[in-house]
J.: 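So that we are looking at the same thing, I have put the structure below in structure tokens.
These numbers were taken from a predicted model, which means no experiment stands behind them.
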Amino acid sequence: MAVQSSFKNMVLCLLVICFVSSALLAVVYAVTKAPIEAAAAAKTNNAIAQVVPAFDGAPELSQINVAGTDYTYYKVSKDGAVAGYAIMAAATGFSGPVSLMVGITADGIIYNTSVLSQSETPGLGAKCTEPAFADQFRNFNPAEKDLKVKKDGGDVDAITASTITSRAYTKAVQTALDVYRAITTGVQPDGASGASAAGTASDTENNGGQDNE
């Protein structure tokens, strides 16, 4: 009887511990859910404000499918007219996705860009967040400049020793431009821009036997 009683007590203790743990997790989730969502919304709104001209009211959230991929974007207006679009796009860099918020004015000028997330190497690809590189895309007119790194015949200066990251950033901006054109004209791009594709062999240069990020 003592053995059975001990076994029952162990089972009951485990059940109580599981119940209490589950209750505590539920409470923690309920308490932290709103602050986490608020922080995420603040981060998004801050990124929108950085990449588009001054606007009235709240950004209008929408989605569009371009070349088989769904993209999130925000339309902003000023004095009743569309002022621009903040478009979320990403491309695969050296260490993972480089995710951007790209602002494009109503007349198709890339107003500004902001990095939402990246995992590139500190001191190399991570420099994509710095003004020395990112400011090249401020007020970038794709009708006058080629949205490619100079190594590929374009007008964008790549980060030193970080060509793959530079290409990824530029591809993400190009993807946002394709999305903008689909939003405003309904025309889909002729081919995929490479935003969600991993870097191919042509994207990786060798420098003394080592990959050049």
Side-chain angles (χ1 to χ4, degrees), residues 29-93 96-119 128-131 133-148 156 168-197:
Y29 174 78
V31 170
T32 60
K33 182 174 182 290
I36 290 173
E37 290 178 346
K43 181 178 179 180
T44 299
N45 289 334
N46 182 56
I48 294 170
Q50 288 182 41
V51 301
V52 293
F55 58 90
D56 301 325
E60 181 181 327
L61 172 64
S62 297
Q63 277 196 330
I64 187 172
N65 187 283
V66 178
T69 301
D70 291 328
Y71 293 93
T72 297
Y73 70 93
Y74 299 83
K75 181 172 70 174
V76 296
S77 301
K78 179 72 173 178
D79 298 329
V82 176
Y85 301 86
I87 301 166
M88 298 173 69
T92 302
V98 177
S99 300
L100 308 180
M101 183 76 79
V102 182
I104 303 177
T105 63
D107 56 356
I109 305 299
I110 298 166
Y111 188 80
N112 201 7
T113 61
S114 177
V115 176
L116 297 176
S117 64
Q118 56 84 25
S119 56
C128 68
T129 62
E130 298 178 2
F133 175 75
D135 280 359
Q136 295 180 87
F137 301 93
R138 188 187 294 270
N139 296 317
F140 189 104
N141 186 348
E144 298 176 353
K145 297 180 180 180
D146 195 352
L147 195 52
K148 297 177 183 177
V156 176
Y169 197 111
T170 304
K171 283 181 179 179
V173 176
Q174 178 62 57
T175 296
L177 191 60
D178 291 342
V179 172
Y180 159 80
R181 288 167 177 162
I183 294 168
T184 55
T185 68
V187 176
Q188 294 276 333
D190 292 334
S193 64
S196 59

J.: Is Thr175 close to Val173 at the side-chain level, that is, under 4.5 Å between some pair of heavy atoms?
T.: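 Sidechains of Thr175 and Val173: no contact.
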
J.: Check whether any side-chain heavy atom of Thr129 lies under 4.5 Å from a side-chain heavy atom of Gln118, and answer yes or no.
T.: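 Result yes, sub-4.5 Å side-chain heavy-atom pair found.
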
J.: Distance-only, no hydrogens or angles: does the Gln63 side chain make a donor-acceptor pair with backbone N or O of Tyr71 under 3.5 Å?
T.: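 Between the backbone of Tyr71 and the side chain of Gln63 there is no qualifying donor-acceptor contact (under 3.5 Å).
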
J.: Hey, mind stepping through Tyr85 and Val52 against side chain to side chain contact (heavy atoms under 4.5 Å, CB included) and telling me if it holds?
T.: CA-CA 7 Å; Tyr85 301 86; Val52 293; over 6 Å; no

J.: Can you confirm whether Val76 sits close enough to Pro59 that some side-chain heavy atom of one is under 4.5 Å from a side-chain heavy atom of the other?
T.: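 They are in contact (side-chain heavy atoms under 4.5 Å apart), so the answer is yes.
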
J.: For Asp56, give me all partners under salt bridge (Lys or Arg N to Asp or Glu O under 4.0 Å), at least two apart in sequence or on another chain.
T.: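 Asp56: salt bridge (Lys or Arg N to Asp or Glu O under 4.0 Å) contacts with Lys78.
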
J.: Does any part of the side chain of Tyr180, heavy atoms only, come nearer than 4.5 Å to the side chain of Ile87, both counted from C-beta?
T.: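 Result yes, sub-4.5 Å side-chain heavy-atom pair found.
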
J.: Between Val156 and Phe140, is a side chain to side chain contact (heavy atoms under 4.5 Å, CB included) present by the stated rule, with each step listed?
T.: CA-CA 10 Å; Val156 176; Phe140 189 104; 4.3 Å; yes

J.: Can you sort out the partners of Ser117 under side-chain contact (heavy atoms from CB on, under 4.5 Å), two or more places apart, ordered by chain and number?
T.: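 Only Ser99 meet the side-chain contact (heavy atoms from CB on, under 4.5 Å) criterion with Ser117.
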
J.: Suppose we screen for side-chain contact (heavy atoms from CB on, under 4.5 Å). Which residues come up paired with Leu61, at least two apart in sequence or across chains?
T.: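 Listed in chain order: Thr72, Tyr74.
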
J.: For Val115 and Cys128, work out which heavy atoms get closest and say how close.
T.: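 The answer is CG2-O, 4.1 Å.
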
J.: Once salt bridge (Lys or Arg N to Asp or Glu O under 4.0 Å) is applied, what residue pairs with a partner in residues 83-93 remain, sequence neighbours excluded?
T.: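 Sorted pair list comes back empty.
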
J.: Looking at Ala86 and Val51, what are the two nearest heavy atoms and their distance?
T.: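 What the structure gives for the nearest pair is CB-CG2, 4.0 Å.
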
J.: Nearest 0.5 Å please: distance from the NZ atom of Lys171 over to the CG atom of Leu147.
T.: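 Output value for this atom pair is 12.0 Å.
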
J.: Please name all residues satisfying side-chain contact (heavy atoms from CB on, under 4.5 Å) with Ser119, sequence neighbours left out, ordered by chain then number.
T.: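 Ser119 satisfies side-chain contact (heavy atoms from CB on, under 4.5 Å) with Ser95 once adjacent residues are dropped.
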
J.: Quick one: list whatever passes side chain to side chain donor-acceptor pair (under 3.5 Å) with Asp70, sequence neighbours left out.
T.: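 Testing Asp70 for side chain to side chain donor-acceptor pair (under 3.5 Å), a comparison that skips the adjacent residues, returns Asn65.
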
J.: Taking only residues two or more places apart in sequence, or in another chain, which ones meet Gln50 in a side-chain contact (heavy atoms from CB on, under 4.5 Å)?
T.: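 Per chain and number, Gln50 pairs via side-chain contact (heavy atoms from CB on, under 4.5 Å) with Asn46, Ser114.
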
J.: Testing the basics here: between Thr113 and Ala134, what is the closest heavy-atom pair and its distance to 0.1 Å?
T.: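 Result for this residue pair: OG1-O, 4.0 Å.
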
J.: Closest heavy-atom contact between Ala172 and Ala89?
T.: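 Looking at all heavy atoms of both residues, the shortest contact is O-CB, 3.4 Å.
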
J.: Are Met88 and Leu100 close enough, and set up right, to give a side chain to side chain contact (heavy atoms under 4.5 Å, CB included), and what steps lead you there?
T.: CA-CA 6 Å; Met88 298 173 69; Leu100 308 180; over 6 Å; no

J.: Considering only heavy atoms from C-beta outward, does the side chain of Pro142 approach that of Arg181 to under 4.5 Å?
T.: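 Yes; the side chains approach each other to less than 4.5 Å.
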
J.: Using ring-ring contact (aromatic ring centres under 6.0 Å, His included) as the criterion, list what pairs up with Phe137, not counting sequence neighbours.
T.: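 For Phe137 the ring-ring contact (aromatic ring centres under 6.0 Å, His included) partners, ignoring immediate neighbours, are Phe133, Tyr169.
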
J.: In residues 101-108, what donor-acceptor pairs under 3.5 Å come from side-chain atoms, sequence neighbours left out?
T.:
| unit_1 | atom_1 | unit_2 | atom_2 | d |
| --- | --- | --- | --- | --- |
| Thr105 | OG1 | Asp107 | OD1 | 2.3 |
| Thr105 | OG1 | Ile109 | N | 3.1 |
| Thr105 | OG1 | Ile109 | O | 3.4 |

J.: Hey, does Ser62 have a side-chain heavy atom less than 4.5 Å from the side chain of Tyr73?
T.: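 When only atoms from C-beta onward are counted, Ser62 and Tyr73 do touch, with a gap below 4.5 Å.
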
